Amino acid sequence: MAETGEEEMMSAEASGFSDMSDSEFLEILDLEEANELGASLSKPGPSSELSRKDDKPISLPNWKRRLDILSPMERFHLKYLYVTDLSTQNWCELQMVYGKELPGFLTPEKADVLDTGASIHLARELELHDLVTIPITNKEDAWAVKFLNILTMIPTLQSEGCLREFPVFGEVEGVFLVGVIDELQYTAKGELELTELKTRKRPLLPLDAQKKKDCFQVSLYKCIFDAMVQGKVTPASLIHHTKLCPDKPLGPSVQRHAQQGGFSVKSLGDLIELVFLSLTLSDLPVIDTLKIEYIHQETATVLGTEIVAFDEKEVRGKVQHYTAYWMGHREPQGVDMEEAWKCRTCSYTDICEWKKGGGVLSSTLEPQAKKAK
DNA sequence: ATTGCTTAAGGG
């Protein structure tokens, strides 16, 4: 009965992040080439890719802002991060960076495992509600759909006690984070419990490194969700970080769905205020229990369950460390030597400057070496 | 364009 909309049909011009790349470091150019050769899923940009290499450096004034003095947030044109950006960063920071530079650079095998995982998650979501496709054309519409989902989900959680794919967003230690909580439900004791489902290709228990990353991920969800229901995620903060235009008229399909849901909103700003009120006045508790369930993809056998001991200080400390990279206060790091086994399954192991340098970014040590490609 | 731009998570 509880119908939930889901956005689709993203902007058709989302393809081009093409400029800028000309003045990347040499190793980035190498990566781009590798991407062309490899079986990349991402379709190329509209026209000028790397070929448009200008020969007139002096005629490009904004190139004075060299990429290496831009923070990663600026370099990747990011206004906010995904929760999973930070949890991937917890696994290997450099892998996360390569992932941002070369999106969609995965082996077919790995992509397969991810697809299977995504399908299992989708199937579980569909157990609880239908999905409706709403055509959208801009980010205001995309966020409006997210907000409409929240507005219908909160009463559903309070009446039915269970919910899947709940969107969360908010500032944590200075960065704005966006994510989706797998599952929320009230326990018999009336406490709110978050469950994160992790599916696994092989029927083995996760390693400690895996658990650590997943615990961090769900801890982030709790930080953000709690802040939302405590009124700490204000409309002003949301608008400031996302740069949404609260007065931009909503698209016709979004307006239609808002009406169908019984929400009379004239603008995105109205919708944001409504979400804020709903979050803070619905008697939602903070999350009491954090749980991770590992199941085998093929057989759905439960491989293990983790109850996470939430340590707010520890989580915030980690976030501060990770954001130091994003703000450009420090260079990215690869894994410690004792975790070098992670490189074995990494898509970027062949090009990784950390691995080549044996624990330091070789680009910072030997800037000349790469010329001899 | 003297610019702006994002579905999050998916698993190891």
Side-chain angles (χ1 to χ4, degrees), chain A residues 5-20 41 45 59-65 73-88 90-92 95-96 99-100 103-104 106-107 109-122 124-125 131 133-134 136 138-146 149 164-169 176-182 196-202 204-214 217-218 220-221 224 241-245 292 294-297 303 335 339 341-349:
Chain A
E6 184 184 68
E7 75 275 21
E8 282 292 343
M9 304 174 66
M10 306 311 289
S11 162
E13 55 186 341
S15 48
F17 56 104
S18 48
D19 50 351
M20 288 299 204
L41 298 173
S59 69
L60 298 158
N62 64 336
W63 284 19
K64 280 186 296 196
R65 300 172 69 204
M73 287 300 278
E74 296 167 318
R75 219 170 67 216
F76 294 120
H77 310 286
L78 302 176
K79 294 195 277 286
Y80 52 81
L81 298 174
Y82 302 142
V83 168
T84 48
D85 288 335
L86 293 197
S87 61
T88 302
N90 180 280
W91 178 264
C92 173
Q95 184 191 49
M96 186 278 304
K100 286 288 179 193
L106 289 174
T107 65
E109 297 77 24
K110 191 175 282 191
D112 247 17
V113 178
L114 292 178
D115 284 349
T116 303
S119 300
I120 293 170
H121 277 266
L122 177 60
R124 284 171 65 105
E125 180 181 7
L131 291 180
T133 299
I134 303 174
I136 54 169
N138 55 47
K139 63 180 160 74
E140 278 73 20
D141 279 359
W143 278 88
V145 170
K146 190 200 296 277
N149 277 326
R164 293 208 173 120
E165 307 296 315
F166 186 82
V168 291
F169 46 83
F176 200 80
L177 296 179
V178 176
V180 177
I181 292 176
D182 244 12
E196 170 73 23
L197 179 73
K198 293 295 182 196
T199 72
R200 296 173 65 75
K201 172 74 175 168
R202 312 189 56 187
L204 305 170
L205 279 168
L207 298 174
D208 280 347
Q210 181 86 56
K211 288 185 197 168
K212 214 177 66 147
K213 186 203 85 167
D214 297 338
Q217 180 184 353
V218 297
L220 285 175
Y221 288 140
I224 303 168
H241 282 100
T242 57
K243 302 285 183 282
L244 288 167
C245 300
I292 308 170
Y294 296 94
I295 69 167
H296 184 213
Q297 286 192 342
L303 304 170
V335 295
E339 288 199 324
W341 53 267
K342 287 179 177 176
C343 307
R344 200 174 54 80
T345 55
C346 177
S347 306
Y348 309 99
T349 184

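Just so we're on the same page: letters track the sequence lines, and every chain starts at 1. The analysis underlying the following values was restricted to heavy atoms, covering all of them including side chains, and did not include hydrogens, waters or symmetry mates. Everything numeric here is computed off the predicted structure, so don't read it as measured data.
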Tell me what [X] touches on the nucleic acid: a base, only sugar-phosphate, or nothing, going by heavy atoms under 4.0 Å.
X	value
A/E196	sugar-phosphate
A/E165	nothing
A/R344	nothing
A/L78	base
A/F169	nothing
A/K201	sugar-phosphate
A/K213	base
A/T199	sugar-phosphate

In whole angstroms, how far is the [atom2] atom of [N] from the [atom1] atom of [X]?
X	N	atom1	atom2	result
A/I120	B/dA8	CD1	P	22 Å
A/D85	B/dG11	CG	P	16 Å
A/L106	B/dA8	CG	C1'	15 Å
A/I292	B/dG10	CD1	P	11 Å
A/D141	B/dT6	CG	P	12 Å
A/M73	B/dC5	CE	P	13 Å
A/F166	B/dA9	CZ	C1'	17 Å
A/K139	B/dT6	NZ	P	6 Å

**Q.** Minimum heavy-atom distance A/C245-A/E140, with the two atoms named
**A.**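 Reported closest heavy-atom pair: N-OE2, 2.8 Å.
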(Q) Which heavy atom of A/C92 sits nearest to which heavy atom of A/V335, and what is that distance? (A)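 Closest approach of A/C92 to A/V335: CB-CG1, 3.7 Å.
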Taking 4.0 Å as the cut-off, does a side-chain nitrogen or oxygen of [X] come that near to OP1 or OP2 on [N]?
X	N	value
A/Q217	B/dG12	no
A/Y221	B/dA9	yes
A/H121	B/dG10	yes
A/K146	B/dA8	yes
A/T84	B/dA9	yes

Is there a donor-acceptor pair closer than 3.5 Å between any side-chain N or O of [X] and the backbone N or O of [Y]?
X	Y	result
A/H296	A/K201	yes
A/H121	A/L197	yes
A/K342	A/W91	yes

Q: Represent DNA chain B in dot-bracket notation, 5' to 3'. Only Watson-Crick or G-U wobble pairs with both distances under 3.5 Å count; pseudoknot-style crossings use [ ] and interstrand partners use |.
A: ............
Q: In whole angstrom, give me the gap between the C1' atoms of B/dC5 and B/dA1.
A: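 Going atom to atom, C1' in each nucleotide, I get 13 Å.
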Q. Checking only heavy atoms, does the side chain of A/Q95 share a donor-acceptor pair with the base of B/dG12 at less than 3.5 Å?
A.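 Indeed, a donor on one side and an acceptor on the other fall under 3.5 Å apart.
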Q) Is there a donor and acceptor pair, one atom on the side chain of A/Y82 and one on the base of B/dT6, closer than 3.5 Å? A)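 When only heavy-atom distances are counted, A/Y82 does reach the base of B/dT6 through a donor-acceptor pair under 3.5 Å.
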Q) Which class fits the ring pair A/F169 and A/F176: parallel under 30°, tilted 30 to 60°, perpendicular over 60°? A)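 Rings of A/F169 and A/F176: parallel, under 30°.
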**Q.** Salt-bridge criterion met for A/K100 and A/D85 (N-O under 4.0 Å)
**A.**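 Yes, A/K100 and A/D85 are salt-bridged.
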Q) More 5' along DNA chain B: A/V113 or A/K79, using each one's nearest nucleotide? A)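 On the 5' side of the pair lies A/K79.
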(Q) Can you work out whether A/I181 or A/R202 has the more 5'-proximal nearest nucleotide on DNA chain B? (A)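 It is A/I181 whose nearest nucleotide is closer to the 5' end.
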Q: First locate atom OG1 of A/T88, then atom NZ of A/K213, and finally report the distance between them rounded to the nearest 0.5 Å.
A: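 Those atoms lie 5.5 Å apart.
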Q: Evaluate the side-chain proximity of A/D214 to A/K211: yes if any heavy-atom separation is below 4.5 Å, no if none is.
A: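 SC-SC contact between A/K211 and A/D214 ruled out.
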